[in-house]
2 protein chains.
Amino acid sequence: MFSQSEENYIKTIYHLEADFKKGISTNAIAKKLDTKASSVTDMIKKLSEKDVVTYKKYQGVTLTDFGKKTAANIVRKHRLWEVFLVDKLNFSWDEVHEVAEQLEHIKSPKLINELDAFLEYPKRDPHGDPIPDKEGNLQIIEKSLLSTLKENEIGVCVGVDDSSSEFLRFLDKQGVALGKQIKVVEKEPFDGSLVIEMDGKTLSVSNKIASNLYIQKSR
Amino acid sequence: MFSQSEENYIKTIYHLEADFKKGISTNAIAKKLDTKASSVTDMIKKLSEKDVVTYKKYQGVTLTDFGKKTAANIVRKHRLWEVFLVDKLNFSWDEVHEVAEQLEHIKSPKLINELDAFLEYPKRDPHGDPIPDKEGNLQIIEKSLLSTLKENEIGVCVGVDDSSSEFLRFLDKQGVALGKQIKVVEKEPFDGSLVIEMDGKTLSVSNKIASNLYIQKSR
DNA sequence: ATATATTTTTAGACTAACCTAAAAATATAT
DNA sequence: ATATATTTTTAGGTTAGTCTAAAAATATAT
């Protein structure tokens, strides 16, 4: 059984590994968790004692298989709770993170399995991120950043890269949501902005937006 | 904002005051929380600093109005989560306590208000205990222990005194549940047992059972 | 009313999780 | 390749919440 703090470290390392492969640095973890590198070193030693990570001094850490499974389970809980909050309790997708951060630490296998069933086994959370199954596996979706699509390509919005409140609220305002079909009408080479078609309407999005929206290409 | 530990103390004092009025002893709290009296003294000092309790050395503690409201809010959360677990996630009434003990510490006013609405503003938890409203008020129900009913009196089962798993599972086995109508057919003065009628069937219950079941008398 | 028992508080220590500051190792730049 | 900068670890300290053991206060019994 892990403490909330241990779980937060495990989850953070998991997310960093997804982005940067192996050997996550002390500093990277400290930055994500808004803590000091020295605190991270302390915790890493404990997690390595518990066989959650492999660690050699000055070489960064890597999750063991056990650590990966543990992490996936925390992420599973986090994302299932997010679905619950949005689907059942009228939260919007920019409001769920903070509460899910707390709920993910609740310890009860029955709770999470029943919740999964109650939500009818969702495959994605409200931001489009996949929900790991009980074994910790998560289905990968071939998604591309909107900014990488070519003119006339069509796809469906399946996720966001930046999930900050500001960005999500901006998307809401523009009418962008998961599942929306988007067609690239025109790409502006000068500033990387693009003209898209959505809901039969035409609008222009900046490169910054297009670099944070994931699209699953049609065909 | 209170820590989980502080919240557990506040809640415990609240429950003890409901049973024994004012001036809850250090030892009583220690017993309930399965901790040592010296730890309780430490925590009491902190809670009194924070104006949650009034405390004079060796005189026990009493919740302030602020403390009562805080406590009621924790109890509200606990009981709403219990309803959720039983009504939506197929938990039985003897399984909910442990998980609700964790869920009650989640901090999010929106979460609890939306949960309340989602559950359609329940008035009682699965054990028949009233759920405090947002202001911390809880409706009182005139309930009597089954053992205090007279022959031929009729009532509805509205709660349990002892809510241990063993007792609740025993009640399940006997078909006893909240809302069941019960009529006292005969009282046995010798051992305090009584013969009751429920669901059209006649059965005998021991005094121990009858002293732990609350009945709301009809008329 | 005094002795004895019980309860409560104090004093001092422990652990988890954090911190700061300094030392050690590694990386970078000329 | 050596000097400099950066990263990481170590050493030692802090706080919340717990503990044990002893001291102080209160309660009980004769």
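Worth knowing before you read on, the calculation uses all heavy atoms, side chains too, and leaves out hydrogens, waters and symmetry mates. Letters A, B, ... mirror the listed sequences (proteins, then strands); counts begin at 1.
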### Sugar-phosphate only, base, or nothing, as touched by Lys56(A) at under 4.0 Å among non-hydrogen atoms
nothing
message = Using a 4.0 Å heavy-atom cut-off, does Thr41(B) contact any base of the nucleic acid, only the sugar-phosphate backbone, or nothing at all?
response = base
Checklist entry - Does Lys110(B) pair with Glu98(A) as a salt bridge, N-O distance under 4.0 Å? => result no
Sorted by chain and number, sequence neighbours left out, side chain to side chain contact (heavy atoms under 4.5 Å, CB included) with Glu6(A) holds for Phe2(A), Ser3(A), Met43(A), Lys46(A), Leu47(A), Lys50(A)
- Message: Whether Ser5(A) contacts dA16(C) is assessed here as follows: a side-chain N or O lying under 4.0 Å from the phosphate OP1 or OP2. Is that the case?
- Response: no
Leu33(A) CG to dA16(C) P, in whole Å, measures 19 Å
Here the salt bridge (Lys or Arg N to Asp or Glu O under 4.0 Å) pairs for residues 54-67 of chain A, sequence neighbours left out, are Asp65(A)-Lys68(A)
Requested in this report: Report yes if some heavy atom in the side chain of Leu194(A) is under 4.5 Å from a heavy atom in the side chain of Leu149(A); otherwise report no.
Outcome: no
Atom pairs under 3.5 Å, N or O on each side, protein against nucleotides 20-22 of chain C: can you list them with distances?
unit_1, atom_1, unit_2, atom_2, d
dT20(C), OP2, Lys36(A), NZ, 3.4
dT20(C), O4, Ser38(A), OG, 3.0

Does Tyr9(B) make a side-chain N or O approach to OP1 or OP2 of dT18(D) shorter than 4.0 Å? yes
When rounded to the nearest 0.5 Å, the distance separating CG of Leu138(B) from CG of Asp129(B) is 9.5 Å
Its dot-bracket string being built from Watson-Crick and G-U pairs below 3.5 Å, with | for another strand and [ ] for crossing, DNA chain C has the pattern ||||||||||||||||||||||||||||||
Show the numbers, then the answer: is there a salt bridge (charged side-chain N to carboxylate O under 4.0 Å, His left out) between Glu153(B) and Lys187(B)?
CA-CA 11 Å; Glu153(B) 279 194 305; Lys187(B) 296 188 74 168; over 6 Å; no
Applying side chain to side chain contact (heavy atoms under 4.5 Å, CB included) to Lys69(B) and not counting sequence neighbours gives none
Rounded to whole Å, the CZ-P distance (Phe2(A) to dA16(C)) equals 14 Å
Atom CD1 of Ile44(B) and atom P of dT18(D) are separated, to the nearest Å, by 12 Å
Side-chain donor/acceptor pairs under 3.5 Å, residues 130-137 of chain A, sequence neighbours excluded:
unit_1, atom_1, unit_2, atom_2, d
Asp133(A), OD1, Glu135(A), N, 2.8
Asp133(A), OD1, Gly136(A), N, 3.0
Asp133(A), OD1, Asn137(A), N, 3.0

Comparing nearest nucleotides in DNA chain C, the 5'-proximal residue of the pair Ala37(B), Asp34(A) is Ala37(B)
Self-check item: Working for side-chain contact (heavy atoms from CB on, under 4.5 Å), residues Trp93(B) and Leu178(B)
Solution: CA-CA 10 Å; Trp93(B) 66 349; Leu178(B) 296 191; 4.0 Å; yes
Practice prompt. Respond yes when some side-chain nitrogen or oxygen of Thr35(B) is under 4.0 Å from OP1 or OP2 of dC19(D), and no when none is.
Written response: yes
Residues 53-86 of chain B vs ring-ring contact (aromatic ring centres under 6.0 Å, His included), sequence neighbours excluded, gives Phe84(A)-Phe84(B), His78(B)-His97(B), Trp81(B)-Phe84(B)
Just wondering, are more than 12 heavy atoms of other shown residues or ligands nearer than 6.0 Å to CD in Glu188(A)? yes
Rounded to whole Å, CD1 of Ile29(A) lies from C1' of dT8(D) at a distance of 12 Å
Practice problem: Might you confirm whether atom NZ of Lys22(A) has over 12 heavy atoms from other residues, nucleotides or ligands at distances under 6.0 Å? | Solution: no
dT7(D) OP1/OP2 closer than 4.0 Å to side-chain N/O of Ser25(A): no
| query | Has Asn27(A) got a side-chain N or O lying under 4.0 Å from the OP1 or OP2 atom of dT6(D)? | reply | no
Any N/O pairs under 3.5 Å between the protein and nucleotides 12-14 of chain D? List them or say none.
none

Quick note, salt bridge (Lys or Arg N to Asp or Glu O under 4.0 Å) partners involving residues 25-40 of chain B, not counting sequence neighbours, are none
To the nearest angstrom, the NZ-C1' distance between Lys31(B) and dT6(C) comes to 11 Å
Under 4.0 angstrom between Tyr55(A) side-chain N/O and dT8(D) OP1 or OP2: no
From CE of Met1(B) across to P of dA16(D) the rounded distance in Å is 17 Å
Residues 112-121 of chain B side chain polar contacts: donor-acceptor under 3.5 Å, at least two apart:
unit_1, atom_1, unit_2, atom_2, d
Asn113(B), ND2, Pro109(B), O, 3.4
Glu114(B), OE1, Asn90(A), ND2, 3.1
Asp116(B), OD2, Arg76(B), NH2, 3.2

Residue set satisfying side chain to side chain contact (heavy atoms under 4.5 Å, CB included) with Glu166(A), at least two apart, ordered chain then number -> Ser164(A)
note: Met43(A), atom CE; dT9(D), atom P; distance rounded to Å ~ 15 Å
Between the protein and nucleotides 24-29 of chain D, list every N/O to N/O distance that falls short of 3.5 Å.
unit_1, atom_1, unit_2, atom_2, d
dA25(D), O4', Tyr58(B), OH, 3.3

